[in-house]
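Notes follow the structure.
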Amino acid sequence: MTTATLAIRHRLAERGVDPQLLLLVPATVFVVVLFVYPFCYGIAVSLQPAQGGALAAYRAFFTDAYQRDTIGTTLAIALPAALFNVLAAVPIAYRMRGRFRGKRLLTTVLVVPITLGTVLTAEGLLNFLGPTGWFNRFLLTLGLVDQPVTLTHNYWGVFFSLVITGFPFAFLLVLSYLSGIDPSLERAAATLGAGWAQRFFRITLPLLAPGLATTFCLTFVLAFSVFPSAILVGDPSGSTRVISIAAYEAAYVHYDYAAASAAAIIMGAVELVVISVVLGLRSLLYTGSTAGGKG
Amino acid sequence: MSRRIVARPGAWVVWGLVVIFFVGLAGVIGSVLVNSFGVRWFDTWLPEAFTTRWYGQAWTDFTLLPVLTVTLVVCLLVAGISVLVGVPAAYVLARRKFPGSRLLYLLFLLPILMPPITYGIPLATVLYKYGLAGHLSGVVLANLVPSVPFVILTMTPFIEQIDPAVERAARMCGARTRHVFTSILAPLLVPGILAASILVVVRTVGMFELTFLTAGPDSQTLVVALFYSMSAAGIRAQQSVDAMAVIYCVMMLILLVVALRFVNPTQLVARVKEDPE
């Protein structure tokens with residue numbers, strides 16, 4: 001090896017670049033070939049519709065109210081569902097962060113919904129909340145309602161299925177962020193005379209907020225891809241016609257790949273906008289250690 | 001100190017929420033379970049009689065054996081490849097800072113932050129173009145997209161927990177990177193790798209969109225077969241769909257209980273040391 005190449009290697013190594021980085025190559029190639037390239041290909045396809053100019057597919061999407069409204073429908077399902085899951089998880093996780101008997105059992109039971117899968121959840125919701133299901137039967141027996149309540153094949157069916165699959169996930173994340181906060185901080189506040197509400201809102205919540213933002217993002221991603229449950233328990237041609245159904249129909253029913261790619265890109269863009277707003281707000285919050293003491 | 005039984009109203013609200021959730025959950029699971037054993041169930045609290053024939057019917061009607069084989073093969077391939085590709089990358093990302101490392105991390109984060117269907121449709125188009133979709137290879141490739149980053153993100157904290165001094169000592173003794181990997185890191189990382197690969201298997205069994213978009217008639221996994229049997233309502237008896245959903249759920253439950261033996265679910269996202277009992 002010549003001294004020149006040795007010198008270059010040495011200078012690169014000082015900046016942290018050396019042959020060990022080659023270990024990254026397979027993973028990077030995978031992500032580039034299977035994620036970045038298809039995405040760019042999709043953008044290119046969406047810009048080459050059969051007729052019209054480069055933006056015709058996007059123009060068609062935004063001028064057709066039936067397609068355009070799917071964005072609002074998706075957000076109207078995903079945002080409240082994600083928000084509900086995160087907000088419901090906080091008080092429950094707050095109660096459960098200590099040690100108590102049966103904690104492991106409770107966490108295991110909470111993990112069960114993850115194993116259900118959308119199809120079993122959908123079947124279960126149809127059976128349980130349907131017009132002759134146990135839930136309506138119970139309400140009718142108690143005399144709370146005169147007629148069965150319609151909770152399936154509409155917005156609520158999809159919302160419940162998102163809660164069943166999303167809540168355990170949000171709960172596990174919030175619980176792990178909460179257990180990362182040093183309890184001695186709260187104890188210190190308690191000795192200074194802070195009440196329950198003061199301890200929660202002035203110490204725990206600010207420390208938890210960045211974790212909540214991350215949890216919200218991940219739950220939102222789950223809720224944003226409601227495709228199977230929107231079809232099975234929802235009303236896929238009306239109130240729960242989400243954008244993924246529009247994209248799927250364009251690709252596999254009409255074989256219009258330009259329109260399908262355009263819908264998929266628009267979906268990704270809307271989702272990334274929401275995520276970056278949340279993460280942008282998160283960066284305004286405290287981001288240091290939550291472990292107390294040195295940190 | 002005696003235990004306080006009387007709780008504050010806040011606690012009652014919280015536990016009430018938990019109870020409502022569990023009652024709803026029990027109702028959802030219970031009604032599927034009861035229906036999968038029921039003979040006929042119309043306007044009554046419980047079916048007229050109970051039978052196990054729906055399970056036998058689900059097994060033959062849906063040709064479950066090949067479907068389960070496909071599911072198993074896809075999961076093992078996806079888990080194996082993503083561990084082989086992901087662990088070395090996680091190692092470098094956990095240990096090193098280099099120009100562009102944050103950018104690379106973001107690149108690996110993106111497939112997890114995007115709903116599968118947004119990249120699934122373009123990916124399926126590309127895979128169809130190269131004749132890979134509709135076969136097992138297409139399903140495996142599509143499922144690798146979120147799995148490789150998932151392995152990287154779950155393995156990075158595991159690797160950070162290993163003291164770099166151990167590796168430095170091995171290097172001082174003349175071990176090369178390959179040796180450090182095979183005889184030092186691999187044994188220490190076995191629990192982490194097992195946890196990550198079981199979680200990848202769980203995710204792959206449950207991954208609907210990517211498999212749905214890329215599978216052909218003989219490369220369907222269990223979720224996709226279930227979806228087709230349910231959305232083609234009227235062709236199959238609802239009870240046999242329910243029986244199949246129960247089979248799916250039991251399979252996932254076994255996988256998850258195995259996974260929980262290796263990992264504490266709350267430690268996956270944040271590195272929290274649980275105090276010893």
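Sequence lines set the chain letters: A, B, ... in the order given, protein chains first and strands last, and positions in each chain run from 1. Computed from a predicted model, the values in this text were never measured in an experiment.
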At a 4.5 Å cut-off on heavy atoms, which part of B/Leu123 comes close to chain A: side chain, backbone, both, or neither?
both
Structural part of B/Leu222 lying under 4.5 Å from a heavy atom of chain A
neither
Do B/Phe21 and A/Pro168 have side chains that get closer than 4.5 Å, going by heavy atoms?
yes
Best-contacting candidate, B/Gly86, B/Pro88, B/Gly24, against chain A by heavy atom pairs under 4.5 angstrom
B/Pro88
Would a 4.5 Å heavy-atom cut-off, applied to side chains only, mark B/Thr118 and A/Glu271 as touching?
no
Which atoms of A/Thr214 are under 4.5 Å from chain B, going by heavy atoms: the side chain, the backbone, both sets, or neither?
neither
Relative to each other, are the rings of B/Phe227 and A/Phe227 parallel, tilted or perpendicular (30° and 60° limits)?
parallel
Which portion of A/Phe167 sits near chain B, non-hydrogen atoms under 4.5 angstrom
side chain
Atom group of A/Leu272 that falls short of 4.5 Å from chain B, counting heavy atoms:
side chain
A/Val36 versus chain B, heavy atoms under 4.5 Å apart: side chain, backbone, both or neither?
side chain
Contacting moiety of A/Ala122, where chain B heavy atoms sit under 4.5 Å:
both
Below 4.5 Å from any heavy atom of chain B, which atoms of A/Val31 appear? Answer side chain, backbone, both or neither.
side chain
So what's closer than 4.5 Å to chain A heavy atoms on B/Leu144: side chain, backbone, both or neither?
side chain
Side chain, backbone, both or neither: which part of A/Ile231 has a non-hydrogen atom closer than 4.5 Å to chain B?
side chain
Under 4.5 Å heavy-atom distance to chain A, tell me which part of B/Ile81 shows up: side chain, backbone, both or neither.
side chain
Tell me, out of B/Ile112, B/Val87, B/Leu25, who's got the most heavy-atom pairs with chain A below 4.5 Å.
B/Leu25
Would you say the side-chain atoms of A/Tyr248 pair up with the backbone N or O of B/Leu213, donor to acceptor, closer than 3.5 Å?
no
